[in-house]
Structure formats: structure tokens, C-alpha cells
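Notes follow once the structure below has been shown.
Note on naming: letters A, B, ... go to the chains in the order of the sequence lines (proteins, then strands), and numbering restarts at 1 for each one.
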Number of protein chains: 2
Amino acid sequence: MPFKVGDKWSWLILRCLEAGPRRFSELKVPLRGITAKVLAQSLRALERDGLLTRTEFEENPPRVEYELTALGHSLFGPMDAVCAWAREHLGQVDAARARAEAAG
Amino acid sequence: MPFKVGDKWSWLILRCLEAGPRRFSELKVPLRGITAKVLAQSLRALERDGLLTRTEFEENPPRVEYELTALGHSLFGPMDAVCAWAREHLGQVDAARARAEAAG
DNA sequence: CCGGATCCACTTAGATACTG
DNA sequence: CAGTATCTAAGTGGATCCGG
């Protein structure tokens, strides 16, 4: 892929936005362990590629909302195909690894 | 994904094996630019995860063949879904990036 | 609240040289 | 032919501190 959906967090971020717009801190919580820097970084990249929009509200305290674009939503089709594969076959992968571990 | 199909080469390697078994040097050619080290590394990882098999022939000169397992073949379903998405939408991603670039 | 700036640790891959 | 060994370069993510 020419853009970053293969990295550590982007996939999860998109999932967190599937049900509707979320603000920065609402994303940080479910993505346990992500730092603010990396979250901001990832969001900028996804925005740059047109998968989500960033809306800044002129309030106090400040509020920023992220929302999927139609393009972003269209990714869930292939993503679900991969997830389905994982559900069906990941046990086989783990088993193969266990055998390799035992042999090797 | 818990295993490496998201890295730089694994996806391409699997594609090169789609039509049937190939030997080491037959993989190196179409994967232009891959080094022997990285190819060997990737193949070992894919073998470890049960996606392909490695068969060493006791000949001279030596010959080693790599072949997809049923599990490996089963990956093409979701892979094709992602490729179809890319064909349909990658233009939009590029356009978004060009706009972001222009905007600064 | 939403990050940017800086520094650091780790992983990957490329280059090169060598071997059974 | 089919790798391994070693070194280096680059990218990515984490930790911490600081600012609008």
C-alpha cells in the first residue's frame, strides 16, 4: 500500500471512528498505550490521504473532532475480509508457529 | 496481524508463488531489488507461520523449492479484496495527497 | 485539551563479503 | 545455487517535557 494502513495504529484508529466522529481524547482511551504524539501523527497522515477529516472548534477548552470520509468508510469492506480470514485461520498460524518453536 | 504479511516483501513473495512452486533464484528475479538475505529471512518467517513449505533437494547444484500451503492460498481471498479496493480508490488517495501538498 | 519538540530504543532492510 | 555473517542506514514508535 502506498499509504499507511499497514502500520501499528492506523487500522485501529479507523475502527474507532467507524461509529461516528470522535475527539482526540476519545480516541486515546480505547487505543490503550498510544502516546499523544503518535496518535496526532497517525491522524495527520490519515487526514492527508483523505480517509478522515479534522475539525477544530474555537472553544475553551479546545475541542477537535475527527470523522471518517466516504473514502475512509469504503476501507471497511476489504478490512472485514481480512478480519474474517483471521478469525477462520489464525488458529492454524498459531499452531504452525508452535510446531516450529518446538522443532527449532 | 500477528504475523508478517504487512511488511515490505511478504505479500509480493506470496503472489510469486500463486501459480506454483518456485525456487530461490526464481523468486529473486521478479522481486527486483530484494537481497538474498531479506528474501531468505522472509521465506523462513512465512514457512514458520505455515503459509508455505520449503523443500531442499539433495542435488548438485543445490536446489530448494518453495510452495504455498492451503493456508497460504487461502490468503488470496482477502488480498484480492484489498487489491480491488486499491484499484477503485487509490486515485482518490493520490488526489487528496496532492491537495494536502499544495495546501502546505 | 490538543498537541509540538526533542531524544532515545528498536526493528528492518540494504550493502558487502564469504561459504557448502 | 542458495544461502549466512556483519555492518550500517533509515524509519517508526515510546518517553518526557513544554506550549497555545
Side-chain angles (χ1 to χ4, degrees), chain A residues 1-17 20-49 51-68 97 100-101 103-104, chain B residues 1-17 20-49 51-68 97 100-101 103-104:
Chain A
M1 302 274 271
F3 58 92
K4 305 264 78 180
V5 185
D7 70 349
K8 185 171 177 181
W9 294 106
S10 297
W11 195 286
L12 296 170
I13 292 172
L14 295 176
R15 279 287 177 202
C16 289
L17 290 171
R22 295 283 182 274
R23 39 195 304 196
F24 191 85
S25 50
E26 290 175 330
L27 290 169
K28 258 200 89 176
V29 176
L31 301 170
R32 179 176 283 275
I34 197 172
T35 62
K37 172 194 147 190
V38 174
L39 178 54
Q41 236 173 224
S42 306
L43 287 168
R44 301 291 185 181
L46 293 169
E47 181 195 9
R48 206 176 51 97
D49 290 342
L51 299 178
L52 55 82
T53 59
R54 178 180 185 277
T55 312
E56 199 164 338
F57 294 88
E58 303 291 341
E59 301 173 359
N60 202 301
R63 180 165 60 103
V64 180
E65 278 197 354
Y66 298 90
E67 183 170 17
L68 290 183
R97 273 222 263 217
E101 182 84 11
Chain B
M1 303 275 269
F3 59 92
K4 303 266 79 180
V5 186
D7 70 348
K8 185 170 177 183
W9 294 105
S10 298
W11 195 287
L12 296 169
I13 292 172
L14 294 176
R15 281 285 176 202
C16 288
L17 290 171
R22 295 283 182 273
R23 41 197 301 194
F24 192 86
S25 51
E26 290 174 330
L27 289 170
K28 258 199 89 175
V29 176
L31 302 170
R32 179 176 282 277
I34 197 172
T35 61
K37 174 195 146 190
V38 173
L39 177 54
Q41 239 173 222
S42 306
L43 287 168
R44 302 290 185 183
L46 293 170
E47 182 195 9
R48 203 176 51 98
D49 291 341
L51 299 178
L52 54 81
T53 59
R54 178 180 185 277
T55 312
E56 200 163 338
F57 295 88
E58 304 290 340
E59 301 175 358
N60 201 300
R63 181 164 60 104
V64 179
E65 279 197 352
Y66 297 90
E67 183 171 15
L68 290 183
R97 272 223 263 216
E101 182 86 9

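The phosphate of dC2(C) (OP1 or OP2) has a side-chain N or O of R23(A) nearer than 4.0 angstrom. A close approach under 4.0 Å does occur between a side-chain nitrogen or oxygen of R44(B) and OP1 or OP2 of dT4(D). Residue K28(A) has no polar side-chain atom (N or O) positioned under 4.0 Å from OP1 or OP2 of dC2(C). Checking the phosphate oxygens (OP1, OP2) of dC2(C), a side-chain nitrogen or oxygen of S25(A) falls inside 4.0 Å. Distances shown here put every side-chain N or O of K37(B) at or beyond 4.0 Å from the OP1 or OP2 atom of dT6(D). Listed pair Y66(A) / dC2(C) fails the phosphate criterion, with no side-chain N or O lying under 4.0 Å from OP1 or OP2.
For the pair F24(B) CZ and dA2(D) C1', the interatomic distance rounds to 6 Å; values are reported in whole Å. Taking atom CH2 of residue W9(A) and atom C1' of nucleotide dG11(D), one finds them 18 Å apart after rounding to whole Å. At whole-Å resolution of the value, CG in L39(A) and C1' in dG3(C) are 10 Å apart. Between I13(A) atom CD1 and dT12(D) atom C1' the separation is 14 Å, expressed in whole Å. Taking atom CD1 of residue I34(B) and atom P of nucleotide dG3(D), one finds them 12 Å apart after rounding to whole Å. Rounded to an integer number of Å, the gap from F57(B) CZ to dG20(C) C1' is 19 Å. Distance K8(B) NZ to dA9(D) P: 17 Å, rounded to the nearest Å. Look at CD on E56(A): it is 10 Å from C1' on dG3(C), rounded to the nearest Å.
A40(A) comes within 4.0 angstrom of the backbone, heavy atoms only, and of no base. Residue D7(B) is classed as a sugar-phosphate contact, given heavy-atom separations below 4.0 Å to backbone atoms only.
Proximity of R23(B) to V64(B): side-chain heavy atoms (C-beta onward) are nowhere separated by under 4.5 Å.
For the pair F24(A) and A36(A), the tightest heavy-atom approach, listed with the atom from each and the gap, is CZ-O, 3.7 Å.
Annotation for E59(A): atom CD counts as buried by contact number, over 12 foreign heavy atoms lying within 6.0 Å.
Nucleotides of DNA chain C nearest to Q41(B) and A36(B) differ in position, and the one nearer the 5' end is that of Q41(B).
Separation of atoms CG (L43(B)) and OH (Y66(B)) is listed at 5.0 Å; rounding is to 0.5 Å. Rounding to the nearest 0.5 angstrom, the gap separating the CG atom in L51(A) from the CD1 atom in I13(A) is 11.0 Å.
In the set dA13(C), dG14(C), dG13(D), dG14(C) carries the atom at the smallest distance from any side-chain atom of T35(B). Each of dG3(C), dG20(D), dG3(D) was ranked by its minimum atom distance to the side chain of R54(B); first place goes to dG3(D). Nearest nucleotide to the R63(B) side chain, out of dA15(D), dC2(C), dA2(D): dA2(D).
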